[in-house]
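In what follows, a structure is listed as structure tokens, so that the remarks can point back to it.
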2 protein chains.
Amino acid sequence: MDFAKIELRQYLAKIKANRAKITPQRVEILNIFLNNKNDHFTAEEILVKLTSSKTGQATVYRTLELFCSIGILKKVIFKNDEISRYDLVDLNNRHFHHHLVCSNCGKVIEIQDDLLEILEEKIEKEYQFKVSNHELIFNGICSECKGSDINEP
Amino acid sequence: MDFAKIELRQYLAKIKANRAKITPQRVEILNIFLNNKNDHFTAEEILVKLTSSKTGQATVYRTLELFCSIGILKKVIFKNDEISRYDLVDLNNRHFHHHLVCSNCGKVIEIQDDLLEILEEKIEKEYQFKVSNHELIFNGICSECKGSDINEP
DNA sequence: CTCAGTGCAAACCGTTTGCAAACGT
DNA sequence: ACGTTTGCAAACGGTTTGCACTGAG
């Protein structure tokens, strides 16, 4: 739990560094992501989790966008539903992870593999294209769905 | 030009194979993609190109979705604008290509590299995840924008 | 002849915006 | 005190839908 506090502090520092203010709403939203690191929430899902407080939806959208612009969150869109989802950026990891999205149950698995470095180098040389970011999504069938019939999640 | 006709026939055959009808609207939309293979049109862009005929927007959306579902088009969403775009699938190429998206001018470069096969194999072994498709987008700065100042497209 | 496909306009829904009040620093 | 941030509700814009008409097979 103390570790979580230290982590939170890192993110708050990043907000301050961008001359944005620390508000209860922002801290609350940040904590939702910190406490659910394997999830990929939509704006609406965040809004639901905030029903106890009276945070408005505009604030949620504005906060999520702020966090993306300062590098705290990353927006991802899976082809399943095409809704914007947000994923906490690991401040201590240079590269963003990739996603395996199961076409059957919709589960999203994160992988940390970094084999793309080779590809990036090749692209920078061959196309003179300076890569700043990449996003890789694999669609397919996860191990749990493999044996079973094709059903909804 | 004859080659184009043969190509068109392949796609029309695919429509028939899916028990869908060949209508003037569908042929017209298909031809737009065949004649602009390097573009990634949005539904609206297609609609504009059809102003001469009186095709309705609902038809455009329904046709694009049909083409996706039968494997003639592939939907791609670039983070620049987040609008759905459509890319013709090469019926003779097993793997879909990848995209380099310039953060400065918005240009989209297609690359055919297939280094992902290695990664796919690794993923199938390590995660027991059967990959059926992948999508890889590199964001960065293209060669033309490299030297120049950062401007709009 | 029959049902899939079309056009139109209205509905949909995730997201954005304008503005006055409330708050962080 | 100042400029940010917030909440509300209305607007926005890409996409979908309902329905009667049309046309491909």
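In what follows, every chain begins at residue 1, and chains take the letters A, B, ... in the order their sequences are listed. Hydrogens, waters and symmetry mates are skipped; everything else that's a heavy atom, side chains included, is used. Please read these numbers as outputs of a predicted model, since none were measured by experiment.
- For DNA chain C, the neighbouring residues in residues 8-27 of chain A, judged by any heavy atom under 4.0 Å, are K21(A), I22(A), P24(A).
- Of all nucleotides in DNA chain D having an atom under 4.0 Å from a heavy atom of chain B, the first and last in 5' to 3' order are dG14(D) to dG25(D).
- Counting non-hydrogen atoms of neighbouring residues, nucleotides and ligands closer than 6.0 angstrom, the NZ atom of K107(B) exceeds 12 such neighbours.
- Atom pair E45(A):CD and dG14(C):P shows a separation of 11 Å (rounding to whole Å applied).
- Heavy-atom neighbours of K130(A) NZ from other residues, nucleotides or ligands within 6.0 Å: at or below the threshold of 12.
- The environment of E65(A) atom CD is sparse: at most 12 non-hydrogen atoms of other residues, nucleotides or ligands sit within 6.0 angstrom.
- Taken to the nearest 0.5 Å, the NZ atom of K14(B) stands 12.0 Å off from the CG atom of L30(B).
- Rounded to the nearest 0.5 Å, atoms CG (D39(B)) and CD (E45(B)) are 8.0 Å apart.
- For the atom pair CG (L64(A)) and OH (Y86(A)), the distance works out to 5.0 Å, reported to the nearest 0.5 Å.
- Note: CD (E28(B)) to C1' (dG7(C)) measures 15 Å, nearest angstrom.
- Counting only heavy atoms from C-beta outward, the side chains of F33(B) and I72(B) never approach each other to under 4.5 Å.
- No donor-acceptor pair closer than 3.5 Å links the side chain of R85(A) to the backbone N or O of F78(A).
- Side-chain N or O atoms of S103(B) include none that pairs as donor or acceptor with a backbone N or O of N139(B) at under 3.5 Å.
- Residue contacts for S84(A): at a heavy-atom cut-off of 4.0 Å it reaches the sugar-phosphate backbone alone, with no base atom in range.
- Listed in residue order, the members of residues 53-69 of chain B having a heavy atom less than 4.0 Å from DNA chain D are Q57(B), A58(B), Y61(B), R62(B).
- Enclosure of atom CD in E44(B) is not indicated, since only 12 or fewer non-hydrogen atoms of other residues, nucleotides or ligands lie within 6.0 angstrom.
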